[in-house]
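Presented below is the structure to which this report refers.
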Amino acid sequence: MSKKILGISAFFHDSSASLLIDGKIVNAVQEERFTRIKHDSNFPINSITFILKNNNLKLSDLDKVIFFEKPFLKFERLLETYIHNAPFGFSSFRKAMPIWIKEKLFQKKIIIENLNKISKFDKKNLLFVEHHLSHASSAYYPSPFDEAIVLTIDSVGEYATTTIGIGKKNKIKIIKEIHFPNSLGLLYSAFTYYLGFKVNSGEYKVMGLAPYGTPKYTKIIYEKLIDVKDDGSFRLNNKYFSYSTKLKMINKKFEQLFKATARQPEENLKQFHMDIAASIQEVLEETIIKIVKDISRHYDIKNLCMAGGVALNCVANGKIHEKKIFENIWIQPASGDSGTSLGAALYYWYNELNNQKIINNEDDMHGSYLGPAFSNDEVEKQLRLYGAKFYKYNTQDILSISAEKLSEGRAIGWFSGKMEFGPRALGSRSIIADPRNENMQKQLNLKIKFRESFRPFAPAILFDDLADWFDLDVASPYMLLVSKVKKNKIIEISEEQKKLFGIDKLNIKRSEIPAITHVDDSARVQTVHKETNFKFYSLIKEFKKITGCPILLNTSFNVRGEPIVCDPKDAYNCFMGTNLDMLVIENFILFKEEQPKKNIINYKEKFQLD
Amino acid sequence: MNFLIELYNFLKIRKKFWLLPIIIILLIFGGMIILTQGTAVAPFIYTVF
């Protein structure tokens with residue numbers, strides 16, 4: 001009889017559920033995709049329901065359900081922090097305690113109640129794993145290594161904010177930890193807040209903004225905000241931060257340090273903001289590199305695995321790879337808290353049940369395509385409900401028509417196969433376009449994604465052609481490594497253009513693939529492999545046949561503030577609410593100009609800005 | 001009841017019995033906040049005046 005383990009992450013941010021059957025990752029999904037609430041932290045009832053239905057299971061068929069963190073331990077940290085800071089922090093205590101006393105302390109009961117809403121569940125089968133151990137497990141166990149250093153960095157779990165562990169065969173052992181309030185994740189989030197972006201969501205924008213600036217404030221950050229030792233251990237100066245005692249990230253002293261108040265959301269971005277972003281990005285990269293270098297000196301292990309929200313900082317990841325500190329790096333594609341449901345289940349399977357870790361050449365994530373898929377019949381039924389005008393083709397025709405339209409400059413909503421797990425769209429729920437088109441970045445940002453014009457787009461490239469286009473010598477299937485565009489693809493810019501500052505840099509055509517080349521000539525590369533997504537691979541191949549270019553611009557199929565589309569209904573709504581020209585859902589093609597006018601919706605206002 | 005047993009076991013394993021009086025006080029204090037759904041000092045002020 002096969003063993004089935006369900007992992008759950010909830011009540012923090014990015015709730016999710018994952019299922020292992022005999023140790024194999026069968027499904028993993030985020031709750032936000034079903035509820036359409038970005039970073040939804042509610043109990044993942046929809047995710048669990050989908051997983052059970054998809055595998056024809058009831059809760060009573062599961063051997064164990066594993067929750068991703070230990071609520072009592074977190075409460076202990078909270079209490080100790082309040083005691084340490086007393087009498088400061090009373091206002092935060094006043095707001096936090098009722099929630100803890102009403103709900104969070106009784107999380108076990110709440111989880112059991114919620115599970116019982118789905119079907120009968122035996123409470124003895126519920127277990128808890130520590131937050132960072134869940135992250136570490138999500139990084140090591142699916143990796144193609146039988147021995148690795150496991151680095152996790154995020155804002156905070158129970159106590160730990162950064163951990164270093166060793167994964168050996170089927171066991172993980174955490175050997176070093178840095179504890180709250182010293183946190184690289186919280187430091188980065190403090191700057192995210194200071195720059196007017198949403199904490200726990202806008203960190204990507206800080207990273208994207210950094211190349212527009214100069215790291216002028218790095219020295220101040222090192223002198224006043226963070227003390228980093230040679231071994232990468234660090235301590236934050238809490239005089240400048242409020243998160244321990246208040247429900248705010250920074251205080252007045254922080255603003256005085258940079259002689260400017262925090263930017264308001266949607267306020268114009270100035271050169272100062274870009275310089276701040278560049279500075280904190282540099283500090284983050286240097287600190288992580290110090291940590292990684294120190295580990296490599298102490299342990300004779302050639303593989304590195306990473307997870308935790310900070311491991312989504314692909315610019316820092318790219319730097320670690322570039323420095324060749326470790327021979328191989330593997331980063332969990334769902335490195336944020338969504339991935340902890342998977343990690344919790346994997347930890348139980350290997351560490352507690354003592355099952356052997358089987359090493360393959362590939363990782364165990366199946367390309368991160370672990371969510372729901374829809375048959376042509378299901379899609380057709382949905383489209384008919386909308387009265388949509390559509391054409392059905394065989395797969396080969398879908399590929400050739402799409403490639404042709406892309407080469408003509410059309411932006412396509414591309415919906416195919418199983419939905420991705422993690423924050424990146426990897427060719428299943430993507431908006432795709434021609435990267436050679438120099439107006440495409442602006443057009444996509446402003447007219448389709450309704451987001452800030454400075455934000456870059458990623459290239460999806462056939463793995464076989466990687467060496468011709470990017471300075472990257474390893475696969476990056478999860479869009480987690482940033483690399484420079486090859487020199488011979490870069491267009492020399494004039495002396496006048498070199499003098500441009502800030503957002504003005506956007507208007508320069510920098511390479512043969514300007515829509516995905518960031519202002520520092522870098523790109524967040526996704527390598528596409530026929531083994532994991534044959535259809536997407538074949539589409540790019542068709543595009544290459546027409547254009548000679550083996551790359552497509554790939555961005556998530558959503559608008560600003562919206563979770564990535566999950567089902568055909570979401571895809572059609574997003575298509576009708578934006579300026580997308582064409583929609584491809586499985587074997588169906590839809591053109592915007594042919595759709596009934598009544599289906600056009602005001603999509604821009606529908607989602608809260610992130 | 002289960003909750004109290006689990007809390008006791010937790011403090012025992014973590015060797016943090018020194019937290020117990022604080023937890024009790026905080027639970028009472030926190031309970032008051034919930035009851036009043038406002039400022040925590042309100043119940044004291046009402047008894048004084």
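Chain A is the first sequence line, chain B the second, and so forth, proteins listed ahead of strands; every chain is numbered from 1. As the structure is a computational prediction, the values presented were derived from the model and not from experiment.
More than 12 heavy atoms of other residues, nucleotides or ligands shown are found within 6.0 angstrom of CZ on B/Arg14. At most 12 non-hydrogen atoms from other residues, nucleotides or ligands lie less than 6.0 angstrom from NZ of A/Lys168. Within a 6.0 Å sphere centred on NZ of A/Lys171, heavy atoms belonging to other residues, nucleotides or ligands number more than 12.
B/Leu7 CG to A/Phe75 CZ: the interatomic distance, rounded to the nearest 0.5 Å, is 8.0 Å. Here CD of B/Glu6 is found 12.0 Å from NZ of A/Lys109. Values are rounded to the nearest 0.5 Å. We find the CZ-CD distance between B/Phe3 and A/Gln107 to be 11.5 Å, quoted to the nearest 0.5 Å.
Contact record, A/Glu76 with B/Phe10: OE1-CZ, 3.1 Å, taken as the closest heavy-atom pair. The two residues A/Tyr159 and B/Lys16 make their nearest non-hydrogen contact at OH-NZ, 3.7 Å.
Interface residue A/Ile83: only side-chain heavy atoms are found under 4.5 Å from chain B. With a threshold of 4.5 angstrom between heavy atoms, A/Lys108 approaches chain B through side-chain atoms but not through N, CA, C or O. With a threshold of 4.5 angstrom between heavy atoms, B/Leu11 does not approach chain A through any atom at all.
Residues B/Leu19 and A/Glu80 are in side-chain contact: their nearest non-hydrogen atoms beyond the backbone lie under 4.5 Å apart.
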